[in-house]
Amino acid sequence: MPISEPPTEPGRSGNSPALILVGTDFRRADLDLRDRVAFSPEEIPDALVHLLARAEIAEACLLSTCNRTEIYVHPRDEEAAYQAVVELIFKRRAPEIHRQGRLYVHWHEEAAVHLLSVASGLESMILGEPEILGQVKQAAAAAEAVGASSTVLRQLLRSAVVAGRRARQETSVAAGAVSFGYGVVELARSIFSNLESTRVLVLGAGEMALQVARNLRERGAGRLTVTNRSRGRAENLREQLGNIAVVPFEERGDALSAADLVVVSTGADEPVVTHPMMRQAMARRPGRPLLMVDLGVPRNVEPEVRKLENLFLHDIDSMKALVERNLERRREEIPRVERIIEEELQHFRQWHRSLEAEPLVAELQRKAELLRIQEVESARQHFPAETHAQLDRLTRSLVRKLLHHPSTRLRRDEQAPGHLELVRELFQLGEDDDD
């Protein structure tokens with residue numbers, strides 16, 4: 001009995017390579033299920049080797065991130081390859097995943113479109129997320145390293161990487177901060193010309209504080225200080241990021257006066273930064289602007305603080321507005337990204353058509369060369385011996401030039417399947433060369 005019946009396979013055009021994609025992502029599976037079917041970089045080579053051990057699978061590539069696990073295969077036997085993927089990659093780790101709705105399956109060109117969309121950031125939890133392109137490159141490298149991608153998948157992965165790179169270079173689908181962490185970075189850059197010399201104070205040591213501190217560090221901030229009611233949690237944040245100063249929570253007033261950027265994200269039920277505290281801190285730093293971001297709910301900073309001169313306070317509502325504006329700009333870029341995907345898909349189609357035409361082109365060139373040699377041999381007696389080499393070069397060049405355009409056209413012709421047969425008939429290819 002098969003593990004599960006494969007979804008209905010759409011018809012495959014003559015120009016479309018055989019492809020199967022089986023996967024699950026954040027839309028289909030909760031975090032626990034995604035964790036169980038996720039593969040670490042160390043596990044991926046072994047999984048690919050096990051897939052290639054199945055005769056029904058010619059090529060395979062495994063893309064596994066925190067939000068998706070997807071297997072792309074170029075099959076020899078499509079239904080058997082589908083069953084092997086479900087068994088080896090998904091059901092062994094999560095037996096219930098084959099229930100309806102947990103997995104998605106795309107066949108042939110739909111699988112190619114999906115991969116190009118993934119690499120371009122259109123399928124990410126956060127539209128335009130930049131990390132996914134690097135993860136596709138890593139998946140391609142892993143498949144290449146064990147010989148799991150050879151012809152079809154290698155070219156498809158190259159097309160996906162080109163589409164993803166073009167989407168980021170030619171559109172704004174990845175522009176602007178769409179998380180609070182990067183939103184803080186964007187605000188800081190609008191005020192401070194050099195993040196490396198900007199003194200940053202983080203009040204809090206929870207997940208949000210860690211995300212903001214990490215984003216600031218990744219964008220060049222080098223002078224980070226953290227303070228938290230629980231010093232142990234602050235020390236833990238320092239262990240994760242390194243090179244961060246930790247000050248006692250009771251001394252936060254002094255730290256506030258020294259900082260250029262303050263991010264407040266604690267679990268407190270009342271403000272931990274008050275108006276009198278900030279009035280005193282600003283008095284110690286005349287003329288120096290201070291950017292303060294309050295990500296607490298309820299507020300961690302008293303709203304009256306924004307009335308102080310040279311202090312710019314943003315709360316979580318203004319950050320949400322910033323993120324939503326950036327997301328809307330990214331959404332407006334989707335049609336442009338889709339056009340890039342279609343262009344790269346067309347290049348992939350042309351490549352595949354050339355692959356189908358290659359045996360015929362080789363046969364045509366072989367027959368032309370055979371005829372050239374026969375004619376040259378019969379004509380040699382009519383030419384002086386010292387001209388034989390020149391005669392050979394002349395006829396070889398003539399045949400090459402005559403066949404160049406037909407060969408090129410056959411490799412890229414959209415009607416290749418019909419035209420291939422016509423060329424075969426016109427030139428009597430495949431027939432006895434002695435006839």
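Any value given below was found using the heavy atoms of this structure, including those in side chains, with hydrogens, waters and symmetry copies removed. Computed from a predicted model, the values in this text were never measured in an experiment.
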Should [X] and [Y] count as side-chain neighbours, where that means a heavy-atom distance under 4.5 Å?
{"X": "Val73", "Y": "Leu19", "result": "no"}
{"X": "Glu369", "Y": "Arg366", "result": "no"}
{"X": "Val293", "Y": "Val264", "result": "no"}
{"X": "Leu122", "Y": "Val337", "result": "yes"}
{"X": "Asp260", "Y": "Arg285", "result": "yes"}
{"X": "Glu342", "Y": "Glu338", "result": "no"}
{"X": "Pro75", "Y": "Glu56", "result": "no"}
{"X": "Asp25", "Y": "Tyr104", "result": "yes"}

Donor-acceptor under 3.5 Å ([X] side chain, [Y] main chain):
{"X": "Arg76", "Y": "Ala55", "value": "yes"}
{"X": "Glu196", "Y": "Gly220", "value": "no"}
{"X": "Arg68", "Y": "Ala38", "value": "no"}

Search all heavy atoms of [X] against all heavy atoms of [Y] and return the closest pair with its distance.
{"X": "Ala84", "Y": "Ile57", "answer": "CB-CD1, 4.1 Å"}
{"X": "Glu78", "Y": "Trp107", "answer": "CB-CZ3, 4.0 Å"}
{"X": "Leu313", "Y": "Arg306", "answer": "O-NH1, 3.2 Å"}

Exercise. Before giving the answer on salt bridge (charged side-chain N to carboxylate O under 4.0 Å, His left out), spell out for Arg330 and Glu129 the whole-Å C-alpha distance, their side-chain angles and the decisive distance to 0.1 Å.
Key: CA-CA 10 Å; Arg330 290 190 179 194; Glu129 178 238 332; over 6 Å; no
Result block: side-chain N/O donor-acceptor pairs under 3.5 angstrom for residues 186-193, not counting sequence neighbours:
residue: Glu186; atom: OE1; partner: Ala177; partner atom: N; Å: 2.7
residue: Glu186; atom: OE2; partner: Asn326; partner atom: ND2; Å: 3.4
residue: Ser190; atom: OG; partner: Leu187; partner atom: O; Å: 2.5

List in chain and number order the residues that pass side chain to side chain contact (heavy atoms under 4.5 Å, CB included) with [X], two or more places apart in sequence or in another chain; answer none if no residue qualifies.
{"X": "Pro271", "answer": "Glu302"}
{"X": "Thr24", "answer": "Arg28, Ala29, Val37, Phe90, Ile97, Leu103"}
{"X": "Ala145", "answer": "none"}
{"X": "Asp269", "answer": "none"}

Quiz item: Who passes side-chain hydrogen bond (donor to acceptor under 3.5 Å, both in side chains) against Thr227, sequence neighbours left out?
Solution: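 Thr227 satisfies side-chain hydrogen bond (donor to acceptor under 3.5 Å, both in side chains) with no other residue.
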Quiz item: Step by step, would you call Arg393 with Gln390 a side-chain hydrogen bond (donor to acceptor under 3.5 Å, both in side chains)?
Solution: CA-CA 5 Å; Arg393 286 194 298 271; Gln390 185 177 358; 5.4 Å; no
Quiz item: Quick one: ring-ring contact (aromatic ring centres under 6.0 Å, His included) partners of Phe348, sequence neighbours excluded?
Solution: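 Scan of Phe348 (ring-ring contact (aromatic ring centres under 6.0 Å, His included), adjacent residues dropped) gives Trp351.
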Exercise. Under the ring-ring contact (aromatic ring centres under 6.0 Å, His included) rule, collect the residues that match up with His314, sequence neighbours excluded.
Key: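 Not a single residue meets the ring-ring contact (aromatic ring centres under 6.0 Å, His included) criterion with His314.
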Quiz item: Can Glu170 and Arg336 be counted as an ion pair, charged N to O under 4.0 angstrom?
Solution: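 No, this pair does not count.
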Exercise. Please determine if Asp30 and Arg34 form a salt bridge, counting it only when a charged side-chain N lies under 4.0 Å from a carboxylate O.
Key: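 Here Asp30 does not pair with Arg34 in a salt bridge, since their nearest N and O are not under 4.0 Å apart.
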Quiz item: So His114 and Glu70, side-chain hydrogen bond (donor to acceptor under 3.5 Å, both in side chains) or not? Walk me through it.
Solution: CA-CA 10 Å; His114 182 87; Glu70 296 179 342; 2.7 Å; yes
Can you list, pair by pair, the side-chain donor-acceptor contacts under 3.5 Å of residues 200-215, counting residues two or more places apart and other chains?
residue: Gln211; atom: OE1; partner: Gly181; partner atom: N; Å: 3.1
residue: Asn215; atom: OD1; partner: Tyr182; partner atom: N; Å: 3.3

Exercise. Would you mind listing every side chain to side chain donor-acceptor pair (under 3.5 Å) that reaches into residues 291-301, with sequence neighbours excluded?
Key: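 For residues 291-301, and leaving out neighbouring residues, the side chain to side chain donor-acceptor pair (under 3.5 Å) pairs sorted by first residue read Thr266-Asn300.
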Quiz prompt | side chain to side chain donor-acceptor pair (under 3.5 Å): pairs with one or both residues in residues 235-248, sequence neighbours excluded | solution =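 Applying side chain to side chain donor-acceptor pair (under 3.5 Å) to every pair that reaches into residues 235-248, excluding sequence neighbours, yields Arg231-Glu235, Glu235-Arg238.
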Practice problem: Provide the full list of salt bridge (charged side-chain N to carboxylate O under 4.0 Å, His left out) pairs with a residue in residues 130-155, sequence neighbours left out, each pair given once. | Solution: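 Listed once each, the pairs are Glu144-Arg154.
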Quiz item: If you measure from CG on Leu195 to CZ on Arg219, what distance do you get to the nearest 0.5 Å?
Solution: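 One gets 10.0 Å once the value is rounded to the nearest 0.5 Å.
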